[in-house]
Structure formats: C-alpha cells, structure tokens
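The structure appears below as structure tokens.
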Protein chains: 2
Amino acid sequence: MAKDVKEILKNNSLSITGSREKILGLFLEQPGALAHGDIEKRAGEKFDRVTVYRTLQTFVEKGIIHTIPTADNSIRYALCKDDCKEGHHHDHHVHFVCTQCNITYCLDDVVTPELKLPKGYISTHIEVVAEGICKNCK
Amino acid sequence: MAKDVKEILKNNSLSITGSREKILGLFLEQPGALAHGDIEKRAGEKFDRVTVYRTLQTFVEKGIIHTIPTADNSIRYALCKDDCKEGHHHDHHVHFVCTQCNITYCLDDVVTPELKLPKGYISTHIEVVAEGICKNCK
DNA sequence: TAGTAAAAAGCAACATAGTTGCAAAATCTT
DNA sequence: AAGATTTTGCAACTATGTTGCTTTTTACTA
Ligand SMILES: [Mn+2]
Ligand SMILES: [Mn+2]
Ligand SMILES: [Zn+2]
Ligand SMILES: [Zn+2]
C-alpha cells in the first residue's frame, strides 16, 4: 500500500513528503470519506494543522480526492476514481451518509439523476447526498 | 411583503421581538436563500451575533426556514412552505446555486428524484443541489 | 394599565475552524 | 553533493460558533 501511495503522488507530479504519504495512506486504507477533523486527529499529531489544510487542498486540485457537501456543514473528502485529472473532476455519483455509524460512502455505481429544471436554469453540476442507514448498520 | 412578519411569528407561538421581525423580514423581502454571513451583515449592526444565531436556530426548529447544504461549506437558509411544522420539515425540493450571481434558489416545483440505491442502503432523506447559471444571469 | 413571570437579548469569555506571511527544512534536479 | 525549488512549521490573525450569566423586553393578568 505504501508503494501505491508513492505512485499516485508521482503520477500527479507531486513531491513525496511525509504528510502527503500519511494523509493519502489514510484514504487508501479505509472505504469511507474523511472529514477534515478525522484527518487532523489521525495525522495531525505528526503534522501541523496548516500542513493538513494545504495537503488536502493540493489533493483536491490534482483530482486525487473530491469534496462531499453534507447537511451538517462539515466537508468530507474521498478518493477520486482514476479519470479525475488536475482541475477537472468527474465524480458524478451519489453520496450516502449513514446516520448510525456516520460513515460517508461514495456510491460509485449510482449515477446522479437527470433533472428537469425550470426554463432558463442551466446546471453544470449536480450534487446528491442521501441520508439513511447503510448496509452494515441495518 | 406578501405575508405579515408578526402573523408568522404569532402562528408559530413566538414572541414578537426586534431581531425576529428584522431577520424574518429579510427572508420575506427577497427571493433567494441567505447565508448566515449575509444576515449578520444586514441585521447584525442592530443585534448581537449570538442573537442572530439563536434566532435562526429557533426559526429552523419551528419550521419557518430550512437549511441548504452547499459545496462551499456555508449553510444557506430559506423560507419553508406552509406545510413545515415544528420539528418536522417537508422541504423535498431541489436547490440551485447560481455560480454567477451567487443566489441560491429553492426550486419548489422540482421534486427530489427517486434513487435506486445498492442493496442494503435505506435512505430517509435526499438533498439535491444543482449548480449553474440562473434564469437572470444567462 | 401597571405588576409580574417568563422569554429573549446582550455581554463576556471561550472554543473551534480556517488563512496568511515568512523563515527553516526537505525534496528534486543536475 | 550543491543549488534551486517546493514544502513545512510557526506565529499571528480572522472568522465562526458556543455557553453561562445578567439585564432587558415581552406577554399575560389582575
Ligand atoms: Mn464520492
Ligand atoms: Mn428550499
Ligand atoms: Zn452505517
Ligand atoms: Zn444568477
């Protein structure tokens, strides 16, 4: 897994540093999304808060992770699929927040539905976040 | 102002106070949603920050306004329709954020679509936020 | 309409979240 | 290994949100 981390960083022309390895590793070793707080708790003992902010920002810009808006106003981050490139994301899938275990899932196979918007509205991007009970908690 | 501020407050058994009149008035006198910052800027000169927080919280609890999650992690608030009651919201509509004028619209006529979730996932609530250009900006 | 109980507002202090500039340290390139 | 470049850590700062307590305002009733 540590090898994968370095490869992903290289593929995105990012220099290999401790914080990037650690934080990217956190995403790879578990399925759900992570809130900034989670990351800070699990990586922030080794790294400065500012470094965590800047690392996440870099990963988002490079298309390595994407953000997920949630109702409680705490941004979550999750790994992108390979087709996301620098400055251009393609994460057109639905997200699911379990109200029991509080895990946020990327439902990669559930495509964002089409919407019939009123006349004059042109949408470039649609975010869908479902809330409920996940397969492990029911 | 279509509806009377005082009447809405009375109907929700809320006492009539300066901050509640002012803040509810802000929502009634314009079509879009308001971020906390907007409200503080436009009402906060007369009232304490804490009062603004508590007033918004009260309005949400009473079903007078609802929150809208957005990608930039700043909660917006918008008026509910009449069928929202204390402790029980029914705002199952799509929201639209214009990337040009930055207004957030409640598209009351666009109902949240059904989703085919993977086996085992049971959703209780779905949020849909579309981003793009609104009818006034195109 | 004045008196009173209850509710809300204001204030201060605090906690958490996020940003910026800059010097020191680490990484990459040759 | 040396130098150029990038990244980090630190400090200081702004913004956002919360809590306990006192004063003020509101709603109600005598
Ligand atoms: Mn996702
Ligand atoms: Mn709405
Ligand atoms: Zn769960
Ligand atoms: Zn617009």
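Every chain is numbered from 1, with letters handed out A, B, ... down the list of sequences. Computed from heavy atoms alone, side chains included, the values below leave out hydrogens, waters and symmetry copies. Nothing here was measured: the structure is a model prediction, and the numbers come from that model.
In this structure, CG of A:Asp72 is placed 14 Å from C1' of D:dG17, rounded to the nearest angstrom. Atom-to-atom, NZ of A:Lys10 to P of C:dT27 comes out at 13 Å; the value is rounded to the nearest Å. Look at CG on A:Asp48: it is 21 Å from P on D:dT6, rounded to the nearest Å. What separates NZ of A:Lys46 from C1' of C:dA25 is a distance of 15 Å, to the nearest Å. The separation between B:Arg76 atom CZ and D:dT16 atom C1' is 16 Å, rounded to whole Å. The nearest whole Å value for the distance from the CG atom in A:Leu14 to the P atom in D:dT5 is 18 Å. Atom-to-atom, CZ of B:Phe47 to C1' of D:dT25 comes out at 12 Å; the value is rounded to the nearest Å. Rounded to whole Å, atom P of D:dG9 lies 12 Å from atom CD of A:Glu40.
Follow the hydrophobic side-chain contacts under 4.5 Å out from A:Leu9 and you reach A:Val60 in the same cluster. In the hydrophobic clustering of this structure, B:Val128 does not group with A:Val129; members are Ile, Leu, Val, Met, Phe, Trp, Tyr whose side-chain heavy atoms approach within less than 4.5 Å, directly or through other members.
Separation of the A:Phe59 and A:Phe27 ring centroids does not fall under the 6.0 Å cut-off.
Note on B:Ser15: every side-chain N or O is 4.0 Å or more away from OP1 and OP2 of C:dA7.
Mapping B:Gly37 and A:Thr17 onto DNA chain D via the closest heavy atom, the residue that lands nearer the 5' end is A:Thr17. Two residues, B:Arg49 and B:Ser19, neighbour DNA chain C, and the one matched to the more 5' nucleotide by heavy-atom proximity is B:Ser19.
Atom OG1 of B:Thr55 sits about 4.0 Å away from atom CD1 of B:Ile23, to the nearest 0.5 Å. A distance of 11.5 Å separates OG in A:Ser19 from CD1 in A:Ile39, rounded to the nearest 0.5 Å. In this structure, the separation between CD on B:Glu29 and CG on B:Leu24 is 10.5 Å, given to the nearest 0.5 Å.
Axis orientation changes by 30° from one end of the helix from C:dT1-D:dA30 to C:dT30-D:dA1 to the other, with each end axis drawn from 5 pairs and the value rounded to 10°.
Between A:His36 and A:Tyr53, the two ring planes are parallel [angle under 30°; tilted spans 30° to 60°].
Judged purely by distance below 3.5 Å, without hydrogens or angles, the side chains of B:His95 and B:His66 pair a donor atom with an acceptor atom.
Backbone-only engagement by A:Arg20 is indicated by non-hydrogen atom pairs under 4.0 Å involving sugar-phosphate atoms exclusively.
For DNA chain C, the neighbouring residues in residues 50-62 of chain A, judged by any heavy atom under 4.0 Å, are A:Val50, A:Tyr53, A:Arg54.
A 6.0 Å sphere centred on NZ of B:Lys135 holds more than 12 heavy atoms belonging to other residues, nucleotides or ligands.
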